[in-house]
Protein chains: 2
Amino acid sequence: MFELTYQDKQTQARLGKITTSHGVIHTPCFMPVGTQATVKALSPRELDECGAEIILANTYHLFLRPGMEVIKKAGGLHNFMSWKKPILTDSGGYQIFSLALLRKISDQGVEFQSHIDGFKHLLTPEDVIEIQGDLDSDILMPLDECVKYPCSKDTAEVAMRRTIDWAKRSKAVFKGNGKLLFGIVQGSTYEELRKACARELVDIGFDGYAIGGVSVGEPKNLSYNITKASASLLPQDKPRYLMGMGLPQDILEGVEAGVDMFDCIVPTRYGRTGAAFTSGGKIVIRNSPYIEDFSSLDAECSCYVCRNFSRAYIRHLFNTSEILGLMLVSFHNIYFYLELMRKVREAIAEGSFSQFKKDFLNNYKA
Amino acid sequence: MFELTYQDKQTQARLGKITTSHGVIHTPCFMPVGTQATVKALSPRELDECGAEIILANTYHLFLRPGMEVIKKAGGLHNFMSWKKPILTDSGGYQIFSLALLRKISDQGVEFQSHIDGFKHLLTPEDVIEIQGDLDSDILMPLDECVKYPCSKDTAEVAMRRTIDWAKRSKAVFKGNGKLLFGIVQGSTYEELRKACARELVDIGFDGYAIGGVSVGEPKNLSYNITKASASLLPQDKPRYLMGMGLPQDILEGVEAGVDMFDCIVPTRYGRTGAAFTSGGKIVIRNSPYIEDFSSLDAECSCYVCRNFSRAYIRHLFNTSEILGLMLVSFHNIYFYLELMRKVREAIAEGSFSQFKKDFLNNYKA
């Protein structure tokens, strides 16, 4: 289901293709985040237009609202939200640990209270696989325990061991049926733990491997080091997914380290506040320099927004609290990300990824 | 610039064509309201897709934000908002009387404080024409004085006289240049005043006539009576515009009375709260009956939203405060309105408007 089509000579960057029953994903790829069965402020056809080949949805949120009965009756998540291409669902573990109330974690699973209505739920690793099956997810993530930064080695090791145990149990109940199940490498900032985790997960055998527990509060350099170290431990012939970390500069570092898949909420979150990604860096459109700036958000971008609207107009929309403003900047940002990935893939194919990365970062004021 | 193409035999309903330098408008037409240079939550290409041939924008709001300097530098409102088709701008009179603070009205014009920043402005009828010229509006409305309901006859007469005087002054400074200037019939609920106003405006001579001062708090039957009486006073060979009144049932009454143009904020305002117009009447999508309703908003509608999304999904979006929810319902509502106008025109052309109106209202639970 994963085909490695090209390996860069100078870096770990690579090209690949993931085939699912809902379509093919060209890697390195960026997955727009559709937490609650919608990528915020974009319609599915707009995602298509931006060139999205896969989106991410969130098991925890969908389990709580609208709940599995509704999604099962709708015939799965693709039908429910009218997105025909692949969907990756996370396990909900991260959200249980960050959003849910009064959680109790044991080897059995996680007990928690919904952050919406306070109802108690118990989810085992087996439940989480079943839920993602009901969602009809194309790429499933097993329940894992993600620790914050900083974290003692002992705590990190307990969480890592539990993650491996849960991964094993997840695989045991995973039916396959053309779907992919990934393993998640944990181990906080401890190389020894990361190594052990990767080795044991590879021994169990998954369709792909995710690097979890990054972007949880640690300094950027450390994130990059963990990413590099973790990626190097993973088999060449399986896709690698760096979870939740994805500013443009992060993606380029990840690609260089051999990562194939990325997701991040920033393009839409920033979009809603009027922060636009451009080839020159991030611009905050509310700011006064844009009052009479009739150029497009990004002179190098050819998306619908950049072809039709000026910074002055978009600033006016934010200044008057008009919804179209956040719609346009969210759309542009997602397009910017997916265009970045197209350029990354092109550069890798031409053997010029290192140069591309250098040039991009030279222009881009982070 | 207006061509009456067909006159219904049984009713006052009629078909027509308004030609402007930005394109042709087929009447009877509905004009989506783009108060602040955006029809709320729809992009211009979505308006195109819905079949909008003209939109309305608001002089008062645009004068305050972004201000005329920005719009002039952008090359007019069409360029600024990327809407290539015709735009009608209202005079701002209604907003000055309903939103602005500390207004002082005199024969000279209106002095008021901005509801945004408290700055004082004085606008004369001549200013208002100049502003709409700078906006590059296709159809201009002169400054008028719109009274609330109920209103004494004396007060209504003073406002009506001033409206006529201002209309005269507006015409004197109006340059034409392929644009249309309408006169606005006022006179509150007094037939005698309406008659006098219409007669004097027609004597001055305008490119079209608007019926103002309806939907200002009076009972529905009275609105319909004023509409009918006012429309009957206006020349056959000029377009007639019923200002700001436009529930589906209102539009059908208006068409029957011989009105050609309508505008109303309800399709987008209702859309933002999750109230969808359907051939069976208005539905409130948050309500629990829709939790597992996998049918489209309106079985008879073939818009993008109805082809792709279920009531259950849209309810979920509102239930989780997702922006896509209000985007989808706003889109559907605008489509519903413009589709209604297409059907109305078709029915008139076939000589079956009365039957169409009867059938529509039979199905439609207001």
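The chains referred to below are lettered A, B, ... by the order of the sequence lines, with proteins before strands, and numbering in each begins at 1.
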Chemist: If you count heavy-atom pairs within less than 4.5 Å of chain A, which of B/Tyr304, B/Phe309, B/Phe294 leads?
Modeler: B/Tyr304
Chemist: Measuring heavy-atom distances to chain B, does A/Gln36 have an atom under 4.5 Å in its side chain, in its backbone, in both, or in neither?
Modeler: both
Chemist: Anything under 30° is parallel, anything over 60° is perpendicular, the rest tilted; go ahead and classify B/Phe112 against B/Tyr60.
Modeler: tilted
Chemist: Just by modelled atom types, is the B/Phe119 backbone N or O under 3.5 Å from a matching donor or acceptor in the B/Asp117 side chain?
Modeler: yes
Chemist: Could you go step by step and tell me if A/Leu317 and A/Met327 meet the side chain to side chain contact (heavy atoms under 4.5 Å, CB included) rule?
Modeler: CA-CA 10 Å; A/Leu317 294 176; A/Met327 288 164 58; over 6 Å; no
Chemist: Once salt bridge (charged side-chain N to carboxylate O under 4.0 Å, His left out) is applied, do any residues pair with A/Arg272, and if so which ones, sequence neighbours excluded?
Modeler: none
Chemist: In terms of heavy-atom proximity below 4.5 Å to chain A, should B/Glu322 be classed as side chain, backbone, both, or neither?
Modeler: side chain
Chemist: Using 30° and 60° as the class boundaries, would you call the ring planes of A/Phe336 and A/His332 parallel, tilted or perpendicular?
Modeler: tilted
Chemist: Centre-to-centre under 6.0 Å for B/Phe80 and A/His316, is that the case here?
Modeler: yes
Chemist: Heavy atoms under 4.5 Å from chain B: which residues of residues 39-57 of chain A carry them?
Modeler: A/Lys40, A/Ala41, A/Leu42, A/Ser43, A/Pro44, A/Arg45, A/Glu46, A/Glu49
Chemist: Checking A/Thr59 side chain against A/Asp90 main chain: does a donor-acceptor pair fall under 3.5 Å?
Modeler: yes
Chemist: Which word best sums up how the rings of B/His121 and B/Phe63 line up, parallel for under 30°, tilted for 30 to 60°, or perpendicular for over 60°?
Modeler: perpendicular
Chemist: Side chain, backbone, both or neither: which part of B/Leu326 has a heavy atom under 4.5 Å from chain A?
Modeler: side chain
